[in-house]
*Asks:* 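Here's a structure for you.
The sequence lines fix the lettering, A, B, ..., with proteins before strands; numbering per chain opens at 1.
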Number of protein chains: 2
Amino acid sequence: MELSEVTGDRLVQILATLANPHRMRILAALAGGEDYVSRLAREMGISRALLQVHLRKLEAAGLVTSRLVLSEDGKAMKYYDIEPFSLHLTPEALAAAALSLTADQSQGDRK
Amino acid sequence: MELSEVTGDRLVQILATLANPHRMRILAALAGGEDYVSRLAREMGISRALLQVHLRKLEAAGLVTSRLVLSEDGKAMKYYDIEPFSLHLTPEALAAAALSLTADQSQGDRK
DNA sequence: TCCATCTGCAAACAAATACTTGCAGGTGCT
DNA sequence: AGCACCTGCAAGTATTTGTTTGCAGATGGA
């Protein structure tokens, strides 16, 4: 995914998603190869529920993908993998992205 | 500012700061040249108080700088300017940054 | 003096986020 | 049946973030 391909709104979503220690560490972990939820939670030392919440956000932002795999012993495992991206942030790039921010001037038109 | 120069924690701060429509538009406006608070607020159509809050965040993140200028007619004007940055975000780069996240595993050790 | 401009900030409220806890369903093995 | 795995999600609470409103101080000119 390239910066030139995303709208301002989507860029905001992506940046907000990346701006979190847990999610950053999750990406770091997945950078070493795909993994399934329970195991990843154990490796990171966080609860599965918490991990799931973050994984859902990462997936919503398009930063990771998931697939359900039936293991040999019948267990359903959900594997997550990184969706490659390359976002070169510069003042000019952001200025360009800002042009495609939705009309209203705040964040997600409140009321 | 380069990605390799910032710690994981600082990167989180920077990304969180960028992940906001108002602040993105402020940067876009400043990309066209420095400006002072009141004028910028008028141009953007937002309140001065709101703009100030966002400018403070941008400055705290090191994305803009400010200087107080005494205009000819004696008014004190606060000019803001962009602090150039170039952050190339990739899974690998984030993984590297994640290594320097502070020990605790959540966001800003709560209690 | 009154008005227009510039600045700054805090208090109060609204809304979005993060996290925990608890419950639910599934398989297979002993 | 009971235990060890796997999954999913919602309710409740704690915390952070965003925004408005209101006040305050300064200058210069009519």
*Asks:* Looking only at side-chain atoms of A/Ala49, point me to the closest of C/dT17, C/dG22, D/dG18.
*Replies:* C/dG22
*Asks:* Is there a side-chain contact between A/Asn20 and the phosphate of C/dT17, meaning an N or O under 4.0 Å from OP1 or OP2?
*Replies:* no
*Asks:* Whole Å only: how far is the CG atom of B/Asp73 from the P atom of C/dT7?
*Replies:* 12 Å
*Asks:* Rounded to the Å, how far apart are B/Lys57 NZ and D/dT16 P?
*Replies:* 11 Å
*Asks:* Please report, rounded to the nearest Å, how far the P atom of D/dT17 is from the CD atom of B/Gln13.
*Replies:* 10 Å
*Asks:* Just how far, in rounded Å, is C1' of D/dC9 from NE2 of A/His54?
*Replies:* 16 Å
*Asks:* Give the ring-plane orientation class for B/His88 versus A/His88, where under 30° counts as parallel, over 60° as perpendicular and anything between as tilted.
*Replies:* parallel
*Asks:* Could you run down the sub-3.5 Å N/O contacts of the protein with nucleotides 6-8 of chain D?
*Replies:*
residue: D/dC6; atom: OP1; partner: A/Tyr36; partner atom: OH; Å: 3.1
residue: D/dC6; atom: OP1; partner: A/Arg42; partner atom: NH1; Å: 3.3
residue: D/dC6; atom: OP1; partner: A/Arg42; partner atom: NH2; Å: 3.1
residue: D/dC6; atom: OP2; partner: A/Arg42; partner atom: NH1; Å: 3.0
residue: D/dT7; atom: OP1; partner: A/Val37; partner atom: N; Å: 3.4
residue: D/dT7; atom: OP1; partner: A/Lys78; partner atom: N; Å: 3.4
residue: D/dT7; atom: OP2; partner: A/Ser38; partner atom: N; Å: 3.1
residue: D/dT7; atom: OP2; partner: A/Ser38; partner atom: OG; Å: 2.1
residue: D/dT7; atom: O4; partner: A/Arg48; partner atom: NH2; Å: 2.7
residue: D/dG8; atom: OP1; partner: A/Lys78; partner atom: NZ; Å: 2.9
residue: D/dG8; atom: OP2; partner: A/Gln52; partner atom: NE2; Å: 2.7
residue: D/dG8; atom: N7; partner: A/Arg48; partner atom: NH1; Å: 3.0
residue: D/dG8; atom: O6; partner: A/Arg48; partner atom: NH2; Å: 3.0

*Asks:* Under 4.0 Å: is that the gap between some side-chain N or O of A/His22 and OP1 or OP2 of C/dC19?
*Replies:* yes
*Asks:* Evaluate A/Asp73 against A/Ser71 for side chain to side chain donor-acceptor pair (under 3.5 Å), listing each step before the verdict.
*Replies:* CA-CA 5 Å; A/Asp73 60 329; A/Ser71 67; 2.5 Å; yes
*Asks:* How long is the line joining CG of A/Leu58 and C1' of C/dA18, in whole Å?
*Replies:* 14 Å
*Asks:* For A/Glu43, enumerate each residue passing the salt bridge (Lys or Arg N to Asp or Glu O under 4.0 Å) test, keeping only those at least two apart in sequence or located in another chain.
*Replies:* A/Arg39
*Asks:* What is the distance, rounded to the nearest whole Å, between atom CG of B/Leu70 and atom P of D/dT27?
*Replies:* 10 Å
*Asks:* Tell me the interatomic distance from B/Leu50, atom CG, to C/dC13, atom P, rounded to whole angstroms.
*Replies:* 19 Å
*Asks:* Find the distance A/Glu72:CD to D/dC5:P and express it as a whole number of Å.
*Replies:* 18 Å
*Asks:* Does A/Arg67 use its side chain to pair, donor to acceptor, with the backbone of A/Tyr79 at less than 3.5 Å?
*Replies:* no
*Asks:* Under 3.5 Å, is there a donor-acceptor pair linking the side chains of B/Ser66 and B/Glu59?
*Replies:* yes
*Asks:* Grab the two heavy atoms, one from B/Met24 and one from B/Leu18, that are nearest each other, plus how far apart they are.
*Replies:* SD-O, 4.1 Å
*Asks:* If I compare all heavy atoms of A/Ile14 with all of A/Leu87, which pair ends up nearest, and what's the gap?
*Replies:* CG2-CD1, 3.8 Å
